[in-house]
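What follows is a single structure, written as structure tokens, with notes after it.
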Amino acid sequence: RASKRMLFDITMTAAVSKKNGSSYAAVAGSEDSPTDDSDEIIVHGRVVSPICDQRKSELCISFGAGVLLTSLLFSLALSFQHPASSPAVTPFDAENDINKPPQFPVLNTTDDEVPVKEIIIDNEGTTTTSWWSDTKHTVGKWFGMSHETKTTGQGRDWLLNAQTGSLVSKQDPSFFLGIGPAPLVLVREGSKQELVFDLSSLSGELSDIDGEFVGFLKDDNEYNALAVSPFMEPISVSYEEDNFIVFLSDYALEVDSWNLVENQPVNLAKADGSFVRGGGCDWIWNSDDGTIRPKLNTELVLGRGDRGLVVTREPDQALAILHSKDLANIGHIVPMDLGKGEKQVVGIKPAIDRKDGWHTKETILVDAGPVRVKYDGNFLLTVDEKFVLGITSGKLEEGNTVNFVGGDS
């Protein structure tokens, strides 16, 4: 026991110090005596080095820095080996077996017509990127953080029917690319988006005289988004107290957030006990001209918002690309004009940079200025190939929106 106690005391009081490059071991009850040059002492038969952990850390840091520097230099070398530019694609004419530029229809206008400015991506030349973008993308791929525009299985795979001009999802061919309903919004009086109803009675279905119906875009217990389309199931409402437009006795037509401005959505909101006057629920039921307008801003009326693209299982709602036979030729560039008597064309809005690293250009039906696209057998791409047509979040659900999406490559 005495021996063990002495060994314990010696172990607990052992200290290592350095002086003038040599090591000393100071032990209680003995004189300072130099040790060897290994900077080591033995405690309980185990070699302990006071600088071992430090040396290991320095070695790990040096190794990690070397790997990172090597990867950056490797990526830089690749970017110089392969210039970051992609030449414009020359379409292939299968009939004559020669290359020739695609022909585009010309928008005919009269002296009284002014063409609407095109809302398209117009990069038909080379696309340049910096060496840093290439390096960042390469490193991102190693760590699974890259965003590939041409990613399969994300609602971006399309099958083109060259005869009918329709597009169906390869993930589920029962889903067609179609034209979505227009949201019910406030529009300027007299605009072509204005809705005109048969208001001879104070109750009935909300149906426009042109054959479009107001129905549920999204059904919720508290708040119901409304839309306008020939394919909607119309809702029946009644005009009560010379003020409220009521659905099922406890829902009232209401301007979203009570912001009585142009293009503001109009929905059905569930009343909390009773309807509230003096805000977004006060309406004029004008049986003379068939319009419905808010009492607090009579220059606005109910109307249609902008339509976009969606996926649908209804063949009647499927769109038809007018130049589908040309589009079927790999590399051919065509404007996204529509058939089936549709007067509008598919355009795109400016890009939105999302927090998840993707970039989105929302589709919108416009009077002129179609986006120009090409098909590679799977993806429907913009001319510069930076964006592909994709279903939002890749979810194949009835009415889910379809837009152009792009990543970092």
Side-chain angles (χ1 to χ4, degrees), residues 110 112-113 116 165-166 176-219 224-239 245-247 253-256 261-268 283-294 297-310 312 314-322 336-347 363-370 398-399 401:
T110 63
D112 297 331
E113 294 176 334
V116 178
S166 63
F176 294 86
L177 178 64
I179 300 173
L184 184 66
V185 299
L186 294 177
V187 300
R188 189 66 55 183
E189 179 186 11
S191 70
K192 62 181 180 180
Q193 288 84 19
E194 175 184 272
L195 291 171
V196 178
F197 306 98
D198 180 6
L199 303 179
S200 57
S201 173
L202 295 180
S203 63
E205 295 180 347
L206 280 182
S207 57
D208 181 71
I209 59 175
D210 292 331
E212 294 187 299
F213 305 100
V214 176
F216 290 116
L217 179 62
K218 184 179 181 181
D219 195 353
N224 298 277
L226 299 175
V228 184
S229 169
F231 306 102
M232 303 294 293
E233 183 177 348
I235 59 172
S236 295
V237 298
S238 59
Y239 189 57
I245 297 177
V246 180
F247 172 75
L253 199 67
E254 179 182 78
V255 180
D256 188 24
V261 296
E262 195 171 356
N263 293 320
Q264 190 70 1
V266 178
N267 310 293
L268 280 175
W283 300 97
I284 298 175
W285 187 276
N286 196 332
S287 58
D288 294 333
D289 62 8
T291 61
I292 297 175
R293 62 189 71 209
N297 189 346
T298 56
E299 294 182 355
L300 301 176
V301 297
L302 288 184
R304 313 171 192 83
D306 294 327
R307 295 181 298 165
L309 301 184
V310 299
T312 177
E314 301 297 330
D316 293 340
Q317 299 180 34
L319 61 75
I321 298 177
L322 193 60
M336 209 163 175
D337 297 322
L338 301 178
K340 290 187 175 180
E342 177 60 54
K343 297 179 181 179
Q344 292 189 303
V345 298
V346 179
T363 57
I364 178 176
L365 265 65
V366 293
D367 294 331
E398 181 69 29
T401 54

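- Shown here for A320 and K340, the closest heavy-atom pair between the two residues is CB-CG, 4.1 Å.
- A pairwise comparison of heavy atoms in N286 and L199 identifies O-CD1, 3.4 Å as the closest pair.
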task: Test side chain to side chain contact (heavy atoms under 4.5 Å, CB included) on V228 and L184 and set out the steps.
output: CA-CA 6 Å; V228 184; L184 184 66; 3.9 Å; yes

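- Between the side chains of S207 and E212, no donor N or O sits under 3.5 Å from an acceptor N or O.
- L300 is not listed as a side-chain neighbour of E189, based on a closest heavy-atom distance of 4.5 Å or more.
- Distance check: F197 CZ to E205 CD gives 12.0 Å after rounding to the nearest 0.5 Å.
- At least one donor-acceptor pair under 3.5 Å links the side chain of R304 to the backbone N or O of K192.
- Note that the CG atom of L365 and the CD atom of E342 stand 5.5 Å from one another [nearest 0.5 Å].
- When all heavy atoms of V237 and F247 are compared, the closest pair comes out as CG1-CB, 4.3 Å.
- Looking only at distances, no side-chain donor or acceptor of W283 sits under 3.5 Å from a matching main-chain atom of I292.
- A side-chain contact (heavy atoms from CB on, under 4.5 Å) with L195 is found for one member of V187, D208, V185 and no other, namely D208.
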task: Could you walk me through whether V261 and L186 pass side chain to side chain contact (heavy atoms under 4.5 Å, CB included), step by step?
output: CA-CA 7 Å; V261 296; L186 294 177; over 6 Å; no

- request: Evaluate side chain to side chain contact (heavy atoms under 4.5 Å, CB included) for M336 paired with I321, printing each intermediate quantity in order.
  value: CA-CA 6 Å; M336 209 163 175; I321 298 177; 4.2 Å; yes

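- In this structure, P181 and R307 approach most closely via the heavy-atom pair C-CG, 4.1 Å.
- Interatomic distance, CG of L217 versus CG of L226, reported as 8.0 Å (0.5 Å rounding).
- Here the CD1 atom belonging to I179 is positioned 7.0 Å from the CG atom belonging to L309, to the nearest 0.5 angstrom.
- For the atom pair OG of S201 and OH of Y239, the computed distance is 13.5 Å after rounding to the nearest 0.5 Å.
- The minimum heavy-atom distance linking G305 with A182 is given by the pair O-CB, 3.4 Å.
- Atom CD1 of residue I235 and atom CG of residue L268 lie 4.5 Å apart, to the nearest 0.5 angstrom.
- Atom CD of E299 has 12 or fewer neighbouring heavy atoms from other residues, nucleotides or ligands inside a 6.0 Å radius.
- In this structure, the side chain of R293 engages the main chain of T298 through a donor-acceptor pair within 3.5 Å.
- Residues G399 and V310 come closest through the heavy atom pair O-CG1, 3.6 Å.
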field: side chain to side chain contact (heavy atoms under 4.5 Å, CB included) between Q264 and N297, worked out
entry: CA-CA 12 Å; Q264 190 70 1; N297 189 346; over 6 Å; no

